[in-house]
Amino acid sequence: MHDHQVFAVKFGEVKAGSQAQHFLNPPPELHEQPGHLDFAVWLVRTVFGDIVVDAGFTSTVAAKRNRTHFREPSEGIRLLGVEPADVSHLLLTHFHYDHVGDVGPFTTARIVVQEREMTFWTGRFAARAEFRRLVETEDIQRLVALGLAGRVDYVDGDREIVPGVRVHRVGGHTPGTQIVSVESAKGTVVLASDSAHLQYHVTHDCPAKLLTDLPEMYAAFDTIRALAGSPELVVPGHDPATFERFPAVPGLDDIAVRIA
Ligand SMILES: [Zn+2]
């Protein structure tokens, strides 16, 4: 077991409606809970290099989509003492607008995506309303250009990125959604991204509203549980509780927490 360090950095949030809106078939008690999602990116520090998971969205897109934005996601990584240009790998969990917007500053990183995700967003169904509204044209164009420039590593399934850090295709949320497992001193951390927006999805086996394949989403919950060293080490994509459950990085209260 490696002892990699894992951090979450918050760069934005949205408060609206109730938590029930994020569920396919909302449990009654969630109608009472005010709607609140955080937007985050994750940093994995290893002796093999610094790895960033997802690229969030920029202030330009935040204004367009009426989202509260605290900082550029790459700036959040900088606050943790890591220069984005020095990051070795940028792992993109899927291509929704809130995960792939601020790729630019990671100028030398290998960009790791699932082949099926690129195929989907450049294919037949990407323009259909329920999918189209979740991506930005400029983001997809940028990823295609990076692919043509030889910067993208395509994965079909699982791959070890460096010893103790792996991506796993789970699908469900989108065809090429991947999660990231990281060996740490606390056990294996699972960065679940949008395979589980909130902890509740996994703890109650309760699917999210945004999906492309329901059986795959259920199977993703199984994979998350099987990989995680303990239930506490499952890190959902948008759960505000992440920033309460884990200790703040000294000097970065309400900005960054250390998960492991
Ligand atoms: Zn998503």
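Just follow the structure's listing: the first ligand is 1, and inside any ligand the first atom is 1.
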Of all the N, O or S atoms in Asp194, which has the shortest distance to the Zn ion (ligand 1)?
OD2

Would you name the N/O/S atom of His96 that lies closest to the Zn ion (ligand 1)?
ND1

Is the number of heavy atoms from other residues, nucleotides or ligands within 6.0 Å of CZ (Arg128) greater than 12?
no

Among Phe120, Phe95, Tyr97, which residue meets the ring-ring contact (aromatic ring centres under 6.0 Å, His included) test with Phe131?
Phe120

Could you tell me whether any N, O or S atom belonging to His173 is less than 2.8 Å from the Zn ion (ligand 1)?
yes

Indicate the atoms forming the closest heavy-atom contact of Val152 with Leu143, along with that distance.
CG2-O, 4.2 Å

Should Phe11 and Phe70 count as side-chain neighbours, where that means a heavy-atom distance under 4.5 Å?
no

